[in-house]
Amino acid sequence: MIVSPSLLAADFTRLSEEIDMINRSEADWLHLDIMDGVFVPNISFGFSVLDAIKPICKKPLDVHLMIVEPEKFIGRIAELGAMMMNVHYEACTHLNRTIHEIHEAGMKAAVTLNPSTPVCMLADVIKDVDMVLLMTVNPGFGGQSFIEHSLDKVVELRQLIKATGSKALIEVDGGVNKTTAPKLAEAGVDVLVAGSYVFKAEKPEEKIKELKQL
């Protein structure tokens, strides 16, 4: 299992220490949630924080833009050296173009679906993306409860990927913990994003290791 801890749940008064923990851990990526208070009802952090993280984080950056018009920031995200740029289906008027522009900027391209957006909406782009992120909570805040219907969406997405010959990974974000993670793994998830479950734990590196072993 690929594990991508979400920095949104970190203690920002100890940011360098939190990044050091991620570097030491078995985490594969670092998940970065950028929120604008428009597309989602919250504001998280912006490029000043990302610029501070870039030189000290040794893990690939998994950047998730929960913002309107994410295509405007493709170049800026690429400057960070991000491995993955993730945009919402619901925020992109010209999704196919945005996916190709992300690739042209040298990054992998991912598309996120909100809980109420059906998997079938990705049929025309599934072969073009490197990953699909299924939100298993409504985006905007950390620490929410897992939406059980998400397991059915994972299975449906896995079927779409198989039917089309797509190479896309399946990532999930929201409510990932010791109870939901095994279910998600069984349903066919490749990447687990975990925020509170990792950063609020007494021994976060052990939580990451547990998820890795699924």
Side-chain angles (χ1 to χ4, degrees), residues 1-12 15-35 44-47 49-67 70 73-74 76-88 99 102-103 105-113 129-137 139 142 154 157 161 166-177 180-181 184-185 188-201 203-214:
M1 181 66 69
I2 297 170
V3 179
S4 187
S6 174
L7 194 70
L8 187 65
D11 181 350
F12 277 73
L15 191 55
S16 64
E17 295 173 44
E18 299 280 50
I19 297 296
D20 286 342
M21 181 276 292
I22 292 297
N23 289 340
R24 292 192 309 269
S25 76
E26 295 183 31
D28 299 278
W29 306 340
L30 179 62
H31 190 82
L32 302 169
D33 290 307
I34 314 301
M35 305 179 188
S44 58
F45 48 82
F47 287 113
V49 172
L50 298 183
D51 288 338
I53 291 168
K54 178 183 177 181
I56 62 173
C57 184
K58 297 177 182 177
K59 306 289 184 174
L61 301 181
D62 173 23
V63 181
H64 177 196
L65 298 183
M66 301 187 216
I67 65 173
F73 300 98
I74 293 173
R76 189 68 175 84
I77 298 297
E79 287 176 11
L80 290 168
M83 175 270 299
M84 185 83 68
M85 179 170 167
N86 201 323
V87 298
H88 272 256
I99 290 167
I102 292 170
H103 282 148
M107 298 177 288
K108 293 183 178 181
V111 175
T112 302
L113 296 183
V129 298
D130 301 287
M131 188 172 75
V132 175
L133 168 56
L134 296 178
M135 292 301 301
T136 46
V137 299
V154 172
L157 178 56
I161 289 171
S166 170
K167 303 298 184 183
L169 297 174
I170 299 176
E171 182 178 51
V172 294
D173 183 1
V176 171
N177 56 41
T180 58
L184 289 163
V189 166
D190 302 295
V191 187
L192 292 173
V193 175
S196 301
Y197 185 63
V198 169
F199 284 102
K200 306 304 183 188
K203 298 180 179 180
E205 291 174 66
E206 290 188 7
K207 296 298 184 184
I208 292 169
K209 185 175 182 178
E210 289 173 11
L211 295 176
K212 279 289 297 173
Q213 293 173 344
L214 292 173

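Judged purely by atom type and a 3.5 angstrom limit, Asp130 has no side-chain atom pairing as donor or acceptor with the backbone of Ala110. At least one donor-acceptor pair under 3.5 Å links the side chain of Ser44 to the backbone N or O of Met35. For the pair Lys207 (side chain) and Ala201 (backbone), a donor-acceptor distance under 3.5 Å is absent. A donor-acceptor contact shorter than 3.5 Å links the side chain of Lys200 to the backbone of Ala9.
Residues passing the salt bridge (charged side-chain N to carboxylate O under 4.0 Å, His left out) test with Glu210, sequence neighbours excluded: none. Not counting sequence neighbours, the partners of Lys212 by the side-chain hydrogen bond (donor to acceptor under 3.5 Å, both in side chains) test are Asp28. Legend: residues meeting side chain to side chain contact (heavy atoms under 4.5 Å, CB included) with Thr136, ordered by chain and number and at least two apart, are Phe146, Ser150, Val172. Partners of Ala78 according to the side chain to side chain contact (heavy atoms under 4.5 Å, CB included) rule, which considers only residues two or more places apart in sequence or in another chain, are Ala105, Met107. For Glu26, the salt bridge (charged side-chain N to carboxylate O under 4.0 Å, His left out) criterion is met by no residue, not counting sequence neighbours. With sequence neighbours left out, His31 forms a ring pair (Phe, Tyr, Trp, His ring centres under 6.0 Å) with His64. Shown here are the side-chain hydrogen bond (donor to acceptor under 3.5 Å, both in side chains) partners of Asn177, two or more places apart in sequence or in another chain: Thr180. Under the ring pair (Phe, Tyr, Trp, His ring centres under 6.0 Å) criterion, Phe199 pairs with no residue at all, not counting sequence neighbours. Remark: Asn86 engages Thr112 in a side-chain hydrogen bond (donor to acceptor under 3.5 Å, both in side chains) (not counting sequence neighbours). For Asp20, the side chain to side chain contact (heavy atoms under 4.5 Å, CB included) test picks out Asn23, Arg24, with sequence neighbours left out. Qualifying side-chain hydrogen bond (donor to acceptor under 3.5 Å, both in side chains) partners for Glu79, counting only residues two or more places apart in sequence or in other chains: none.
Using a 4.5 Å heavy-atom cutoff, the side chains of Ile53 and Leu30 are in contact. The side-chain heavy atoms of Ile34 and Phe73, taken from C-beta on, include no pair separated by under 4.5 Å. Side chains of Glu17 and Asp11 form no contact here, defined as non-hydrogen atoms less than 4.5 Å apart. Counting heavy atoms from C-beta outward, Leu214 and Leu184 have side chains that stay 4.5 Å or more apart.
Put simply, CG on Leu157 and CD1 on Ile170 are 4.0 Å apart, with the number rounded to the nearest 0.5 Å. Taken to the nearest 0.5 Å, the CG atom of Asp62 stands 8.5 Å off from the CG atom of Asp33. The distance from atom SG of Cys57 to atom CG of Leu7, rounded to the nearest 0.5 Å, is 8.5 Å. Separating the CZ atom in Phe47 from the CZ atom in Arg76 is a distance of 5.5 Å, to the nearest 0.5 Å. Atom CG in Leu133 sits 8.0 Å away from atom CG in Leu113 (nearest 0.5 Å). Taken from OG in Ser6 to CG in Leu192, the straight-line distance is 12.5 Å, to the nearest 0.5 Å.
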Mind running side-chain contact (heavy atoms from CB on, under 4.5 Å) on Val191 and Trp29 for me, showing each step along the way?
CA-CA 10 Å; Val191 187; Trp29 306 340; 3.7 Å; yes
Derivation of the side-chain contact (heavy atoms from CB on, under 4.5 Å) call for Ile74 and Met85:
CA-CA 8 Å; Ile74 293 173; Met85 179 170 167; 3.6 Å; yes
One pair to check against side-chain contact (heavy atoms from CB on, under 4.5 Å): Val189 and Leu134. What are the steps and the verdict?
CA-CA 10 Å; Val189 166; Leu134 296 178; over 6 Å; no
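Closest non-hydrogen pair, Ala194 versus Val198, comes out as CB-CG2, 3.8 Å. When all heavy atoms are compared, the tightest approach of Ala52 to Pro55 is O-CD, 3.4 Å. The minimum heavy-atom distance between Lys59 and Ser25, with the atom names listed, is NZ-O, 3.1 Å. The nearest pair of heavy atoms linking Phe12 to Val49 is CE2-CG1, 4.1 Å. Looking at every heavy atom in both residues, Pro5 comes nearest to Ile208 through CG-CD1, 3.9 Å. When every heavy atom of Ala185 is checked against every heavy atom of Met1, the shortest pair comes out as CB-CE, 3.6 Å.
Each salt bridge (Lys or Arg N to Asp or Glu O under 4.0 Å) pair with one or both residues in residues 166-176, not counting sequence neighbours, would appear here, but there are none.
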